[in-house]
Amino acid sequence: MAFPWLQRQYVDAARVTQRDWHRPELEAWSERIADTLARSSRHTLWVAVAHSFGCLALAHHLARQQSADTASHTPTHGRIVAALMAAPADPVKFDLSEALHRHPLGLPLSVIGSEDDPWMPLDRARDWAHTWGGGFVNLGRVGHINTESGFGPWPLARHKVDHLVRQQQRLHTHLCGLACDTP
């Protein structure tokens with residue numbers, strides 16, 4: 001898929017590695033996101049990128065973190081400050097509609113879907129994007145947005161991530177001294 005290529009575009013990128021990619025389990029996958037964040041510096045802020053079932057796991061993780069933040073009065077989202085979700089899987093296919101929170105996730109979010117994605121009907125992908133408080137991009141009739149659909153290096157994903165990073169740098173100007181090439 002295009003995401004190993006995207007990961008190589010960013011020096012400090014980290015990949016969440018699931019114990020079993022062939023057994024999508026919402027709780028376990030969400031916990032692996034938390035584990036990956038816990039291994040990074042507590043000062044690191046992240047722009048998360050997720051694909052397919054990973055989008056559901058990320059939404060679950062963010063909602064859980066948002067609840068924890070509310071209880072502790074410290075909004076951190078586990079240090080995820082923005083997210084890009086590509087070709088989300090349909091919660092209905094996994095009987096997870098009730099397990100996912102139906103409210104904005106509280107961070108800049110962009111969801112990319114397709115008109116003929118066999119894993120998520122376009123209308124539901126758009127609805128979930130809006131439910132989570134994000135924008136939605138329809139790529140047209142391109143299938144599931146993976147290598148089997150002809151996707152390799154994906155400059156649009158890089159553009160979207162770069163936009164989210166720049167947006168966060170503007171919001172968190174104190175970070176720019178650490179992340180930008182400015183004196």
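As the structure is a computational prediction, the values presented were derived from the model and not from experiment. Every heavy atom of this structure was used, including side-chain atoms; hydrogens, water molecules and symmetry mates were not.
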For this session: With the side chain counted from C-beta on, respond yes when Val81 and Leu107 share a heavy-atom pair under 4.5 Å apart, and no when they do not.
Result: no

Exercise. Just how far is it from atom NE2 of His163 to atom CD of Gln168, taken to the nearest 0.5 Å?
Worked result: 9.5 Å

Problem set entry | Step-by-step side chain to side chain contact (heavy atoms under 4.5 Å, CB included) determination, Tyr10 to Asp162 | CA-CA 10 Å; Tyr10 299 95; Asp162 286 348; 2.6 Å; yes

Exercise. Rounded to the nearest 0.5 Å, what separation is found between the CG atom of Leu105 and the CD atom of Gln65?
Worked result: 12.0 Å

Exercise. Where do Glu25 and Arg19 land on the salt bridge (Lys or Arg N to Asp or Glu O under 4.0 Å) test, with the steps shown first?
Worked result: CA-CA 10 Å; Glu25 296 179 20; Arg19 286 187 173 86; over 6 Å; no

Exercise. Of all heavy-atom pairs between His60 and Ser30, which one has the smallest distance, and what is that distance?
Worked result: ND1-OG, 3.1 Å

Exercise. Would you say Arg64 and Glu27 make side-chain contact, with heavy atoms under 4.5 Å?
Worked result: yes

Exercise. Side chains of Arg158 and Gln9: donor-acceptor distance under 3.5 Å anywhere?
Worked result: yes

For this session: Just say parallel, tilted or perpendicular for the rings of Phe94 and Trp119, cut-offs at 30° and 60°.
Result: parallel

Exercise. Taking atom CG of Asp20 as the centre, does the number of heavy atoms from other residues, nucleotides or ligands within less than 6.0 Å exceed 12?
Worked result: yes

For this session: Answer with yes or no whether the side chains of Ser52 and His144 bring together a donor and an acceptor at under 3.5 Å.
Result: yes

Exercise. Can you find a pair of side-chain heavy atoms, one from Thr131 and one from His103, that are under 4.5 Å apart?
Worked result: no

Problem set entry | Donor-acceptor pair, side chain of Arg124 and main chain of Asp90, under 3.5 angstrom | no

For this session: Search all heavy atoms of Val111 against all heavy atoms of Pro88 and return the closest pair with its distance.
Result: CG1-CG, 3.8 Å

Problem set entry | Spatial distance of atom CG (Leu100) from atom CG (Leu62) [nearest 0.5 Å] | 11.0 Å

Exercise. Quick one: does Trp46's side chain get under 4.5 Å of Ser40's, heavy atoms only?
Worked result: yes

For this session: Could you walk me through whether Leu37 and Ile80 pass the side chain to side chain contact (heavy atoms under 4.5 Å, CB included) test, one step at a time?
Result: CA-CA 9 Å; Leu37 292 169; Ile80 295 175; 3.9 Å; yes

Problem set entry | Straight-line distance of His61 NE2 to Thr36 OG1, nearest 0.5 Å | 9.5 Å

Problem set entry | Distance in Å, Arg126 CZ paired with Leu122 CG, rounded so as to fall on 0.5 Å steps | 4.5 Å

For this session: Find out if a path of hydrophobic residues (ILVMFWY) with successive side-chain heavy-atom gaps under 4.5 Å connects Val92 to Leu56.
Result: no

Problem set entry | Backbone N/O of Leu84 and side chain of Ser110: donor-acceptor pair under 3.5 Å | no

Problem set entry | Any side-chain donor near an acceptor of the partner, His101 and Gln66, under 3.5 Å | no

Seminar exercise, completed: On a heavy-atom basis, the closest approach of Ser114 and Gly143 is OG-O, 2.8 Å

Problem set entry | Student check: side-chain heavy atoms of Trp132 and Pro104 closer than 4.5 Å | no

Exercise. Which heavy atom of Ala59 sits nearest a heavy atom of Met85, and at what distance?
Worked result: N-CE, 3.9 Å

For this session: Taking all non-hydrogen atoms of both residues into account, name the closest pair between Pro108 and Gln167 and its distance.
Result: CB-OE1, 3.4 Å

Exercise. Between Val137 and Lys160, is any pair of side-chain heavy atoms under 4.5 Å apart?
Worked result: yes

Exercise. Does Trp29 reach the side chain of Leu58, with side-chain heavy atoms less than 4.5 Å apart?
Worked result: no

For this session: Determine whether Phe53 and Leu26 make a side-chain contact, defined as any pair of heavy atoms from C-beta on separated by less than 4.5 Å.
Result: yes

Seminar exercise, completed: Heavy-atom nearest pair, Leu156 first then Ile112, reads CD2-CD1, 4.4 Å

